[in-house]
Amino acid sequence: YINLTNRWPFACRYCIKNKWGGCFRGHTLKLLREPTSYEVMDAVKKIASCPSDNGFKEIVFCGYGEPFIRYDVMCAVAKELKSAGWSIRVNTTGLAEASDKMNKGDGRSIDELLDGLKGVVDSFSVSMNAADADGYVKVNRPLRALFPPDGKSAFYSVIDFVSAAQKKGFDVTITAVCLPGLDVNAVSALASKIGVKFRPREYLDEYEDR
């Protein structure tokens, strides 16, 4: 897992980074500063110099932040790792355009962002957590500065991202944290309607130091 940033276009009600102070199962994921592409590659090589080394099979851009906020670094690292034979997955909110804008100011289109990852990233895991705009805003609480006036446009932005990624040939999975009261079947049906896979995720309530 590669953690590029702690910045996030959400203020999720269920977020464990707030409940657990930036820790996860004995690991501190809170970054003192964001790493450069060189620092990331150096860290990866120290853990696994090649696929299958030390039992690793896949690189996942994940963590307590949104990888698309640091798109250029993610792209550079992913290209180098792909050339070494790694399978690459990106865990994302699907708010690619808004996230890129958080870092660059102007931002690039979904098509531009996805085309830059074509042949490099194999799959996307998109955290949806709701089947409609109202539920999405209630659970994920997208930043209103990015999605005025009520945040609902964020839901449709994710749908656009998932649809575009699927059409461009990426392996896409929509996920949902099994929150109390969430209609998980409705989120699964939404994924099926778009034509992508679905995976439920465990709701982590109590901290696990393992």
Side-chain angles (χ1 to χ4, degrees), residues 1 7-20 24-25 29 58 60-69 87-102 107 109-111 113-114 117 121-208:
Y1 285 83
R7 289 182 286 166
W8 199 246
F10 283 161
C12 309
R13 292 186 181 278
Y14 61 88
C15 185
I16 59 177
K17 76 176 179 182
N18 297 324
K19 292 193 297 183
W20 298 346
F24 181 70
R25 292 180 176 169
L29 298 185
E58 181 182 44
V60 184
F61 288 90
C62 188
Y64 276 162
E66 168 55 61
F68 272 93
I69 291 176
S87 175
I88 309 290
R89 170 162 53 101
V90 176
N91 288 4
T92 175
T93 61
L95 299 175
E97 287 179 302
S99 297
D100 188 44
K101 188 177 292 186
M102 285 178 69
S109 70
I110 291 175
D111 282 338
L113 294 167
L114 289 174
L117 298 174
V121 168
D122 299 288
S123 62
F124 291 106
S125 178
V126 183
S127 182
M128 197 87 194
N129 306 315
D132 58 62
D134 288 328
Y136 184 88
V137 170
K138 183 179 180 180
V139 171
N140 295 313
R141 299 195 298 186
L143 301 181
R144 298 297 171 85
L146 296 172
F147 300 99
D150 56 12
K152 292 183 181 180
S153 60
F155 174 79
Y156 301 104
S157 181
V158 178
I159 298 295
D160 289 343
F161 175 85
V162 170
S163 298
Q166 190 267 343
K167 289 176 182 176
K168 289 179 181 293
F170 292 96
D171 182 3
V172 184
T173 300
I174 282 178
T175 71
V177 175
C178 295
L179 299 162
L182 174 67
D183 187 347
V184 175
N185 290 332
V187 186
S188 177
L190 174 64
S192 181
K193 181 179 179 180
I194 300 173
V196 299
K197 294 181 288 188
F198 172 74
R199 179 172 61 85
R201 292 157 52 205
E202 180 185 2
Y203 173 49
L204 301 175
D205 193 17
E206 296 183 3
Y207 184 70
E208 300 171 347

Legend entry - T93/W8 under side-chain contact (heavy atoms from CB on, under 4.5 Å): CA gap, chis, key distance, verdict: CA-CA 9 Å; T93 61; W8 199 246; 3.6 Å; yes

Inset, instruction - Might you point out which heavy atoms bring P149 and R144 nearest each other, and give the distance in Å? - result: O-NH1, 3.7 Å

Legend entry - Side-chain heavy-atom pair I174, V162 within 4.5 angstrom cut-off: yes

Legend entry - Minimum-distance pair of heavy atoms, taken over all atoms of Y1 and C62: CD2-CB, 3.4 Å

Legend entry - Separation between CD of E58 and OG of S87, rounded to the nearest 0.5 Å: 4.5 Å

Inset, instruction - Enter the distance from I110:CD1 to F68:CZ here, rounded to the nearest 0.5 Å. - result: 9.0 Å

Inset, instruction - Write down the atom of A176, the atom of V187, and the distance for their closest heavy-atom approach. - result: CB-CG1, 4.0 Å

Inset, instruction - Quick one: do E97 and S109 satisfy side-chain contact (heavy atoms from CB on, under 4.5 Å)? Show the steps, please. - result: CA-CA 6 Å; E97 287 179 302; S109 70; 4.0 Å; yes

Inset, instruction - Provide the closest heavy-atom pair for N129 versus N140 in the form atom of the first, atom of the second, distance. - result: ND2-OD1, 3.2 Å

Legend entry - Distance-only donor-acceptor check, side chains T92 and E66, under 3.5 Å: yes

Legend entry - Spatial distance of atom CG (L117) from atom CZ (F61) [nearest 0.5 Å]: 9.0 Å

Legend entry - Atom of F155, atom of A130 and distance for their closest heavy-atom approach: CE1-O, 4.1 Å

Legend entry - Contact check, side chains of L95 and F10, non-hydrogen atoms, under 4.5 Å: yes

Legend entry - Check against ring-ring contact (aromatic ring centres under 6.0 Å, His included), Y136 and F147: CA-CA 13 Å; Y136 184 88; F147 300 99; 8.4 Å; no

Inset, instruction - Of all the heavy-atom pairs spanning P9 and L146, show the shortest one and how long it is. - result: CB-CD1, 3.9 Å

Inset, instruction - Report the distance from atom CE of M128 to atom OG1 of T173, rounding to the nearest 0.5 Å. - result: 13.5 Å

Inset, instruction - Measure the spacing between CZ of F198 and OG1 of T175 and express it to the nearest 0.5 Å. - result: 7.5 Å

Inset, instruction - Could you tell me whether D134 and K152 have a side-chain N and a carboxylate O separated by less than 4.0 Å? - result: yes

Inset, instruction - Kindly determine whether L113 and D100 satisfy side-chain contact (heavy atoms from CB on, under 4.5 Å), including the steps that lead there. - result: CA-CA 9 Å; L113 294 167; D100 188 44; 3.9 Å; yes

Legend entry - Backbone of D122 reached by a side-chain donor or acceptor of D171 within 3.5 Å: no

Inset, instruction - Nearest 0.5 Å please: distance from the CG atom of D132 over to the NZ atom of K138. - result: 10.5 Å

Legend entry - Verdict with reasoning, F124 to V196, per side-chain contact (heavy atoms from CB on, under 4.5 Å): CA-CA 10 Å; F124 291 106; V196 299; over 6 Å; no

Legend entry - S163 side chain to I159 backbone, donor-acceptor under 3.5 Å: yes

